[in-house]
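Okay, structure first, notes after.
Each chain gets a letter, A, B and so on, in the order the sequences are listed, and its residues count up from 1.
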Protein chains: 2
Amino acid sequence: MRNAEASRERILDAAMEEFSTYGIAGARVDRIAKSAGCNKNLIYIYFESKEILFTTVLQKNLERAFEEIPFSPDRLPEFAVNVFDFAMTHSDVMRLLMWANLEQKTDNPPQRESAHEEKIRQIGEAQSAGRIASTLPPPFLLTAIMTIATSWASTNPFGPSLNPEAAKDRDALRASVAGAVERLIRTDHPTD
Amino acid sequence: MRNAEASRERILDAAMEEFSTYGIAGARVDRIAKSAGCNKNLIYIYFESKEILFTTVLQKNLERAFEEIPFSPDRLPEFAVNVFDFAMTHSDVMRLLMWANLEQKTDNPPQRESAHEEKIRQIGEAQSAGRIASTLPPPFLLTAIMTIATSWASTNPFGPSLNPEAAKDRDALRASVAGAVERLIRTDHPTD
DNA sequence: TATATATAACTAACCGGTTAGTTATAATAT
DNA sequence: ATATTATAACTAACCGGTTAGTTATATATA
């Protein structure tokens, strides 16, 4: 049982669980070590500090999310549904993202920023071409779509915790997400 | 300078600052005491524990929010704008709410739950009367409105941190919030 | 009004347990 | 042999909560 790569992975998995549950300040390195079945110092050999371990876990999981969810400005309801499914299936990643946003003062990784910028650019293009409504500015529209799509993850204080009943019917929620986004972009008036 | 009520208030103010910045696990009772200009033990005399102090601060601030923001199912865009203004002006309260949702496992206070229920009921009524569109189920609609309205507070990982430029123009955002909500409820097709 | 008494408001110092991070040492593979 | 992988043992600082005691203020009494 001497395998650096495997140990590293076990630590990352354990850290994911710990950080998503307790956040950075609340996480305990001892607990991560125990849960990963390794010595605490091994964690400090592979990852310099608790904070760096957190950032590593977050980055890895966000990358996966970006790869999994394709984007097209002409299929925004579909995109929203994909985000919705990801958020509902990976509530731990959503929690990680929230912790990072609350506890860390660091900027977003440049790749995430530029991916966001690119989406905004494409939305603007689709608006100019009249394929979707131009009423809402692209940055606002994208933010609205992301927040609506993730609003039924447990991280949202206005989501499932306030609506335990509605939160059960995932298919209905998925349809509503698509419907809401469709409403935000429809061009029923030629002037839109 | 011996005034129980004033001391209590100073502690609550200091705690608000500390908890909204660091969360429950990250908050330091010593720091709260120092910032409130009192002895740490005084905090434990007035509030039993760190956790109870947090809950007290949260409750107090949420109550204020409920009082300040009136609700009418026939003025949903206006309601959303009021929520938006509150969220932008009181980002510390928003952070408190996020920390509570992430760190605490306790249910929402019953008054908050019932206030939410009542809003949903009124929305359903307005839908049945045909005053707003019936496409989206009331619980989904209310959650969508709340999340859109608060999506430009710093607590949203898809909000200002990804759109620093757009976040500056508060008036434009306010108008977009109203516009988005209007789109979610408009009845342009008689079948809606 | 001056003095004794009771109580409310507050504090300094401490404690047991915890926590992130280190050091020294052992085992394994090549 | 020697570099890599791993662990046990350790430490300094921290932290929530407590204890034992002091100071201010109100009330009662003579």
Its contact letters, B for base, S for sugar-phosphate only and - for none at protein heavy atoms under 4.0 Å, make nucleotides 12-20 of chain D read ---SBBBB-
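Residues passing the side-chain hydrogen bond (donor to acceptor under 3.5 Å, both in side chains) test with B:Gln122, sequence neighbours excluded: B:Glu118. Every side-chain hydrogen bond (donor to acceptor under 3.5 Å, both in side chains) that B:Arg174 has, sequence neighbours left out, goes to B:Asp85, B:Asp171. Residues satisfying the side-chain hydrogen bond (donor to acceptor under 3.5 Å, both in side chains) test with B:Asp74, not counting sequence neighbours, are B:Arg131.
Residues from residues 14-23 of chain A lying near DNA chain D, meaning a heavy-atom separation below 4.0 Å, are absent.
At the heavy-atom level, A:Phe47 lies nowhere under 4.0 Å from the strands shown.
Sorted by first and then second residue, the pairs that involve residues 75-112 of chain B and meet ring pair (Phe, Tyr, Trp, His ring centres under 6.0 Å), not counting sequence neighbours, are B:Phe71-B:Phe79, B:Phe86-B:His90. Identified under the ring pair (Phe, Tyr, Trp, His ring centres under 6.0 Å) test for residues 18-42 of chain B, with sequence neighbours left out: B:Phe19-B:Phe54. Annotation: salt bridge (charged side-chain N to carboxylate O under 4.0 Å, His left out) contacts involving residues 133-149 of chain B, sequence neighbours excluded, are absent.
A:Ser7 has a side-chain polar atom (N or O) that falls below the 4.0 Å cut-off from OP1 or OP2 of D:dA6.
Distance, A:Lys34 NZ to D:dA8 P: 14 Å, rounded to whole Å. Rounded to an integer number of Å, the gap from A:Ile52 CD1 to C:dG21 P is 9 Å. Rounding to whole angstrom units, OH of residue A:Tyr46 and P of C:dG21 are separated by 18 Å. Look at CZ on B:Arg10: it is 13 Å from C1' on C:dT11, rounded to the nearest Å. B:Ile11 places its CD1 atom 10 Å from the C1' atom of C:dC10, with the value rounded to the nearest Å.
Contact check on B:Glu117 versus B:Arg121 returns no salt bridge, with no Lys/Arg side-chain nitrogen under 4.0 Å from an Asp/Glu carboxylate oxygen.
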Donor-acceptor list for residues 37-49 of chain B side chains, cut-off 3.5 Å, not counting sequence neighbours:
| from | atom 1 | to | atom 2 | distance (Å) |
| --- | --- | --- | --- | --- |
| B:Asn39 | OD1 | B:Asn41 | N | 2.8 |
| B:Ser49 | OG | B:Ile52 | N | 3.2 |

